[in-house]
Amino acid sequence: MDAVIIVLIILVVLVFIALIKTIQVIPQASAAIVERFGRYTRTLNAGLNIVVPFIDTIRNRIDLREQVVPFPPQPVITQDNLVVNIDTVIYYQVTDARAATYEVSSYIQAIEQLTVTTLRNIIGGMDLERTLTSREEINAALRGVLDEATGKWGIRVNRVELKAIEPPTSIQDSMEKQMRADRDKRAAILQAEGVRQSEILQAEGHKQSEILRAEGDAKAAALRAEGEAQAIRTVFESIHAGDPDQKLLSYQYLQMLPKIAEGDANKLWIVPSEIGDALKGLGGALDGFKRQGGEPSGPTIPAPSTGMSKRPSERPPID
């Protein structure tokens with residue numbers, strides 16, 4: 001009786017183990033490779049799967065999500081014989097679980113070695129300056145080579161990024177000195193340009209000020225000339241409107257003579273020729289008035305001194 005119980009227990013355990021071996025649950029974004037007697041049979045996708053226990057075995061479980069693998073720094077020689085250390089990061093994804101299992105023994109190691117060799121080939125054709133400024137070009141070249149080589153492995157390389165490019169210490173010091181010199185040069189150029197612009201603006205402002213001042217003087221002179229012309233026209237029109245006679249004009253001539261002679265610096269002044277005609281007219285008017293027996297109503301006007309004597313013998317000698 002005890003033996004029967006032991007056999008039943010063994011049978012239950014075997015059935016339980018068989019059920020566990022029969023039912024396979026594959027997580028989402030994963031795949032499993034099934035082999036039967038060591039030969040590939042099929043690929044299990046995500047979900048509940050049934051296999052033959054003790055006959056079918058799970059060879060490999062593969063994650064189908066995109067993977068990120070950083071590689072350690074690799075020394076690379078540039079075209080100008082400088083050694084730089086380059087860190088790379090690979091973004092890849094398994095697209096064929098069967099090929100990733102049977103076409104390559106370790107696709108991670110294969111991708112790393114392929115990346116290093118390809119990187120050395122690319123950097124070997126560039127100098128240091130181009131290497132430091134051509135990250136996008138290097139990334140595109142690496143991705144193209146890796147994508148072509150890993151296609152038969154069931155791997156798709158999505159992105160290749162260069163984390164860091166570290167030149168030698170001596171080169172870094174030289175680059176820092178060059179950058180500092182360039183910054184100082186740009187600062188000096190900007191300062192000189194600022195001084196130049198300031199002087200130009202000051203000169204332009206002075207020029208505009210002089211131009212405006214000259215325009216103002218010209219307009220003021222024009223306005224003064226126009227005002228004087230208008231005053232002359234007004235006086236001329238007033239004289240013509242008043243219709244003065246010869247006696248009034250002669251009297252005005254005589255009134256202007258003292259004003260002409262004013263000032264200590266006036267040593268010599270010229271009597272206009274018209275003053276003789278005016279005096280004749282004024283003298284004739286006075287004689288006519290006396291013959292009529294009247295007295296002049298205006299002030300007595302003395303005869304002007306012309307600086308000459310009536311007798312020829314008293315005239316000043318002529319040099």
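Here, residue 1 is the first one in the sequence, and each next residue gets the next number. Computed from a predicted model, the values in this text were never measured in an experiment.
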Who pairs with E66 by side chain to side chain donor-acceptor pair (under 3.5 Å), at least two apart in sequence or on another chain?
N158

Note, H206 side chain near Q202 side chain (heavy atom, < 4.5 Å)
no

Does a donor on one side chain sit under 3.5 Å from an acceptor on the other, for E226 and Q230?
no

Co-members of Y102 in a cluster of I, L, V, M, F, W and Y side chains, linked at under 4.5 Å:
I33, Y40

Should L119 and V145 be counted in the same cluster of Ile, Leu, Val, Met, Phe, Trp and Tyr side chains packed under 4.5 Å apart?
no

Any salt bridge (charged side-chain N to carboxylate O under 4.0 Å, His left out) involving residues 43-60? Give me the pairs, sequence neighbours left out, ordered by first then second residue.
E35-R59, R36-D56

Hey, what do you get for CG (N60) to OG1 (T101), rounding to the nearest 0.5 Å?
4.5 Å

Take K207 and E210 through the test salt bridge (Lys or Arg N to Asp or Glu O under 4.0 Å) and record every step on the way to the result.
CA-CA 5 Å; K207 176 183 175 182; E210 293 295 332; over 6 Å; no

Just wondering, are more than 12 heavy atoms of other shown residues or ligands nearer than 6.0 Å to CD1 in I108?
yes

Distance, nearest 0.5 Å, that separates CH2 of W153 from OG1 of T95
13.0 Å

Provide the full list of salt bridge (charged side-chain N to carboxylate O under 4.0 Å, His left out) pairs with a residue in residues 153-169, sequence neighbours left out, each pair given once.
R159-E161

Under 3.5 Å, side chain of S198 to main-chain N/O of G194, donor-acceptor pair present?
no

If you measure from CG on L142 to CD1 on I123, what distance do you get to the nearest 0.5 Å?
8.0 Å

Residues D96 and R98 bridged, charged N to O under 4.0 Å
no

Check whether any side-chain heavy atom of I26 sits under 4.5 Å from a side-chain heavy atom of N45, and report yes or no.
no

Other members of the hydrophobic cluster containing V52, with the 4.5 Å side-chain heavy-atom rule, please.
F37, I55

Search all heavy atoms of P27 against all heavy atoms of A46 and return the closest pair with its distance.
O-CB, 3.3 Å

Nearest 0.5 angstrom please: L146 CG to T115 OG1, how far?
4.0 Å

May I ask you to test the I90-V68 pair for a side-chain heavy-atom distance under 4.5 Å?
no

As an exercise, state the distance from CG of L132 to CG of L162, rounded to the nearest 0.5 Å.
11.0 Å

Min side-chain heavy-atom separation V69-Y91 under 4.5 Å
no

Got a donor-acceptor contact below 3.5 angstrom from the E129 side chain to the D127 backbone?
no

Quick check: do V51 and L44 have side-chain heavy atoms less than 4.5 Å from each other?
yes

Polar side-chain atom of D147 near backbone of R143 as donor-acceptor pair, under 3.5 Å:
no

Salt bridge between E193 and R196, side-chain N to carboxylate O under 4.0 Å?
yes

Audit row: L128, V84, side chain to side chain contact (heavy atoms under 4.5 Å, CB included) steps and yes/no:
CA-CA 8 Å; L128 179 61; V84 294; 3.7 Å; yes

Please examine the side chains of Q74 and I86, heavy atoms only from C-beta on, and report whether any two atoms are closer than 4.5 Å.
no

Nearest 0.5 Å, what's the CD1-CG distance between I6 and L11?
12.0 Å

Please find the pair of heavy atoms, one from T43 and one from A97, that lie closest to each other, and give the distance.
CG2-CB, 4.4 Å

Indicate, with yes or no, if L48 and I58 share a hydrophobic cluster defined by side-chain heavy-atom contacts under 4.5 Å among Ile, Leu, Val, Met, Phe, Trp and Tyr.
no

Going by atom types alone, do R61 and Q24 pair a side-chain donor with an acceptor below 3.5 Å?
yes

Per the side chain to side chain donor-acceptor pair (under 3.5 Å) rule, what does the pair list look like for residues 79-90, sequence neighbours excluded?
T78-D80

For atom CD of E136, decide whether the heavy atoms of other residues, nucleotides or ligands shown that lie under 6.0 angstrom number more than 12.
no

Would L82 and T131 satisfy side chain to side chain contact (heavy atoms under 4.5 Å, CB included), going step by step from the backbone distance to the final call?
CA-CA 11 Å; L82 294 175; T131 301; over 6 Å; no

Cluster overlap V104 with I155, hydrophobic side-chain contacts below 4.5 Å:
yes

Shortest non-hydrogen contact from V94 to A100?
CG1-CB, 3.9 Å

